[in-house]
Amino acid sequence: MCTELIINVTASAPRGIKTNASITAHHANVKEAQFGVDFIKGFSIILNGLDNLEARRHVNRLAMAAEVPLVESGTAGYLGQVTVHLKNRTECFECTPKSAPKTYPICTLRNTPDKPIHCVVWAKDLLFSRLFGRSDEVTDLDDPGANEGSAGQKEGQQSTSNGAGGSDTTQDKDQNADQKSVREGEPPLDYAVRIFQRAFTQDIERLAAVQTVWTKRAPPKPLYLSQLLPEGPAAALQPVGQAQATPTSVCKCLGLSNPNEKWSPRDAARVFLASVCAYFEKRPAEVGSLTFDKDDDLAVEFVTAASALRSFNYDIPTQSLFDAKGMAGNIIHAIATTNAIISGLIVIEAIKILAGAPSALRSTYLNEQPSSKRLLGPNKPEAPKPECLACGTATLTLRANVHTLTLGTLVSQVLKRHLAVNVPFLTCGDFMYEEGDGLEEDEVASYRSMLPRAISKLPGGGLQGGSILNVSDESQHLKFDMIIQHQEDLPEEEAPEGFILEGSAPKPQELRQQSLAASGEGVAQEKQQEDQRKTPAHKVDASGAVDLISDGEEEVARRQQGSKRGAGAGNEEGPSKRARRDQTEEAIVLD
Ligand SMILES: Nc1ncnc2c1ncn2[C@@H]1O[C@H](COP(=O)(O)OP(=O)(O)OP(=O)(O)O)[C@@H](O)[C@H]1O
Ligand SMILES: [Zn+2]
C-alpha cells in the first residue's frame, strides 16, 4: 500500500510560523476519492515527495483545482529539482510535458528478448502478474507465450496460423488462461512444475520451431527440468541446513544467501519452483491480487529466478538478485547530499509561500556537474501555458488507425498511462464510457465488454476520423477534448504503441528515450542544459568552495537557516537510501 504523509502546518500570520505543528499521517493512495479537491483545499501548501509521474500529475491537478500552492521535488542520483506551482501565476507541473515512460515492444518481450532488461520486465510484468495478479486485469499482454511464433503481430490483428501453436483467438486465450491458473486440488509444487514446463520448455520449443523468426539470430533453447533437477523437484527443494522457507523468502533455505551471486540454471529453477510454492502455501490470500513490489523479497526472488531462466533460454547474461531487484524496482541509488539539498530547498520555497512572498519563489535544478562552479540553477517560475492539459485549455489530437485501436488501449494506454487520467468519463455523440465506484455491476460489465472493441465499432457510431471525444475526470477536476485522426498505417518508429498523441503530451520521439522524469531525473537533465545557459556568472568564495545558493535565495536561506552556504556538497554517496524511478517506467508496447 502506498503511503503519503500529509503535513498540516498552520501559519499563524503572514510573516510568522508557529513552532508547533500538528501532523496527521494518512496511509493510503493519494488517488483515492477521499483525497479529492475538498480535502486538498484544507491545506495551505502541498509538498510533494512522490516517486511516480502518475501520482505527481494527479496531485498537480488537484492542487490546480483547489488553488493550493504546490512545491514539487525529485531526486535521481546527483540530480535534483524543486519546482513551485501556483494556479494562474506560474506554470504547473504539467505545463512542460514530461517524457513518457520507457516502453518495450511486447513482441520483443514475448518472442525475441536480447537484453537482460527484457527478461526482467517479462518476468515482472508478464509472468508475475499473470500468475499472482488480478485476473480481471490480465490481458493477452500478460499471457507469456500466448503469441509466440507470431512476431511482428500488431494490436487488433488476429495472428495468422504459424504452425507453432501461437494464436490470439478468444478460445486460445481462454485455454492459455486456464493453463496458467492453478487447477482445483492441484498441489502447489505440481502447479509450479507445470508453469515451469510451459514457460521455459514448451513455449520455447514452439517458438524455436518457427524458422522465419530466427534467420538473423540463434533460436532459443528450451530448459528441461528433468536435466536440471534429476533427483526430482521435491528432493531438489529440500531445505539446506536448518533454514526454513518463510512467507517472504525461499533463498536462504535453498542455501542461496549471497544477493550478488549469479545463479546457475539449476538454482534458478529451484528458486522459481520454491517461490511459486511459497506464494500458494504461505500467502494464498494474496494470490490473485498481487502487484510486483520491490520490497517484497519473495517477489524479487521469483522475478530474479524467472528472468534468469528466460536468460538461459535466450543465451542472455543473467543478473544477480541484487541487480535484478534494481532493474525490476527501477532503483537508482540515491546520493544523501542530493536529498539533503533538495529537502532544504523544499523548505525554503515553502517558507516563502507561507510568508507570502511569491515574487521570491524559485524553481531550482541541482546539476550533476557544477556549471561555472555553481551546483544550483534557480529560476523564476515560468508563466502558465495556455495549452496545458492540467491548468489550461488543451485540445489533444490522437492519431491512430480507428479500426485497430481498441477502447481498452485508448483507456489504459492513452488516457491512464500517457495522460495520467484517474477515473475516465468519455462521451462522443451517443457513445459513453464510464468508470468509478458509483456504478452498478451490470454497468461495469457493460463498459468492460466494450474494451476489446475497435474504437470505430463502439456504440453510437463509434469514434471515427474527425470525431471529438470529450474526456473528463471528476476526481481530478479535469476536462479536455481529444480530436481523433484516422491514419491507416503509422510507422512503427514513430508510433511504437500504435498511436500518436499530439498536444500537451509527450512527443513521439520522447517515447524512445530513457525516461527518468518521474523521479525528477528526466526533468533535471532536460533543464540542466537550459539552466547552464541561464545561470549567471557567480562568485567563488575565498576557499574556492562551490556556491550552492545564489542571489535572492542566498539571502532567504541565510535568514531562515542561519547557516553558511554549503561547500563541496554532492560528493558523498548515501548507501542506505535509494531513490526510485517511476514505478511504471518500464511499460510494454505492442509492436
Ligand atoms: N499514489 C500514491 N499515493 C500515496 N503515496 C504514494 C503514491 N505513489 C507513491 N507514493 C509514495 O511516494 C513515496 C516516494 O518515496 P521514495 O521515492 O523515497 O520511495 P520509498 O518506497 O519510500 O523508498 P525507496 O524507493 O527508497 O525504497 C513513497 O512513500 C510512496 O509510497
Ligand atoms: Zn499547466
Side-chain angles (χ1 to χ4, degrees), residues 1-7 25-36 39-40 46-65 67 70 72-77 80 83-98 291-297 299-300 325-326 328-336 338-340 342-343 346 363 381-394 396 416 419-420 422-423 475-480 503-505 516-521 574-585:
M1 174 61 74
C2 293
T3 57
E4 187 180 22
L5 187 67
I6 295 171
I7 302 177
H26 298 262
H27 292 257
N29 189 336
V30 74
K31 290 166 74 183
E32 286 170 13
Q34 53 170 322
F35 304 120
F39 175 82
I40 296 287
I46 303 168
L47 312 181
N48 256 5
L50 294 165
D51 61 353
N52 65 87
L53 198 48
E54 205 181 288
R56 294 167 81 172
R57 293 176 80 176
H58 182 80
V59 173
N60 175 58
R61 290 168 194 186
L62 292 177
M64 291 303 120
E67 303 198 14
L70 169 65
E72 242 299 331
S73 61
T75 68
T83 56
V84 193
H85 309 285
L86 301 173
K87 178 77 198 271
N88 294 333
R89 297 186 72 138
T90 73
E91 63 175 355
C92 82
F93 176 68
E94 295 179 79
C95 277
T96 308
K98 310 293 182 283
T291 49
F292 176 81
D293 176 357
K294 69 177 185 353
D295 296 320
D296 175 356
D297 287 342
V300 173
K325 178 177 178 171
N330 295 317
I331 295 167
I332 38 175
H333 298 280
I335 307 297
T338 304
N339 289 351
I342 294 301
S343 312
I346 295 169
S363 288
E382 301 210 354
K385 306 248 183 355
E387 69 280 9
C388 173
L389 179 79
C391 72
T393 49
L396 304 182
K416 293 191 175 172
L419 300 173
N422 189 29
V423 188
S475 79
Q476 301 180 332
H477 282 231
L478 183 75
K479 216 172 170 48
F480 61 91
S504 184
L516 305 165
S519 62
E521 188 171 340
S576 61
K577 180 76 181 84
R578 290 159 290 136
R580 184 159 21 141
R581 290 188 210 163
D582 184 359
Q583 288 158 340
T584 59
E585 180 176 323

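First listed ligand is number 1; within each ligand, the first listed atom is number 1.
Considering every non-hydrogen atom in both Val423 and Ser475, the closest pair reads CG2-OG, 3.9 Å. Considering every non-hydrogen atom in both Pro97 and Cys95, the closest pair reads CD-O, 3.4 Å.
Every atom of ligand 1 with a heavy atom of Ala55 under 4.0 Å away is listed here by number and element: 1 (N), 8 (N). Interface atoms of ligand 1 facing Gly49, defined by a heavy-atom separation under 4.0 Å, are 12 (O), 13 (C), 14 (C), 15 (O). Ligand-side atoms of ligand 1 in range of Asn52: 8 (N), 9 (C), range being under 4.0 angstrom from any heavy atom.
Considering only residues two or more places apart in sequence or on other chains, Thr90 meets the side chain to side chain contact (heavy atoms under 4.5 Å, CB included) condition with His85, Leu86, Pro381. Residues satisfying the side chain to side chain contact (heavy atoms under 4.5 Å, CB included) criterion with Lys416, sequence neighbours excluded, are Val411, Pro424, Glu435. A search for side chain to side chain contact (heavy atoms under 4.5 Å, CB included) contacts involving Lys479 returns Ser472, not counting sequence neighbours.
With waters neither drawn nor counted, the protein N/O/S atoms under 2.8 Å from the Zn ion (ligand 2) amount to 4.
Proximity of Ala28 to ligand 1, defined as any heavy-atom pair under 4.0 Å, is confined to the backbone N, CA, C and O atoms. When heavy-atom distances to ligand 1 are checked against a 4.0 Å cut-off, Ile331 has no atom that comes that close, whether in backbone or side chain.
The shortest N/O to N/O separation between Leu50 and ligand 1 does not fall below 3.5 Å. At least one N or O atom of Asn29 sits closer than 3.5 Å to an N or O atom of ligand 1. Distances between N or O atoms of Lys31 and those of ligand 1 include no value under 3.5 Å.
Using a 4.5 Å heavy-atom cutoff, the side chains of Arg61 and His477 are not in contact.
Residue-ligand proximity: Gly329 is placed with every non-hydrogen atom at 4.0 Å or more from ligand 1. Residue contact annotation: Lys294 has a non-hydrogen atom under 4.0 Å from ligand 1.
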Pair Phe480, Leu419 - check side chain to side chain contact (heavy atoms under 4.5 Å, CB included), show working. CA-CA 11 Å; Phe480 61 91; Leu419 300 173; 3.9 Å; yes
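Rounding to the nearest 0.5 Å gives a distance of 6.5 Å between OG1 of Thr96 and CD of Glu382. The distance from atom CG of Leu389 to atom CZ of Arg57, rounded to the nearest 0.5 Å, is 6.5 Å. Note: Glu72 CD to Cys92 SG = 10.0 Å, rounded to the nearest 0.5 Å. With values rounded to the nearest 0.5 angstrom, Ile46 atom CD1 is found 7.0 Å from Leu62 atom CG.
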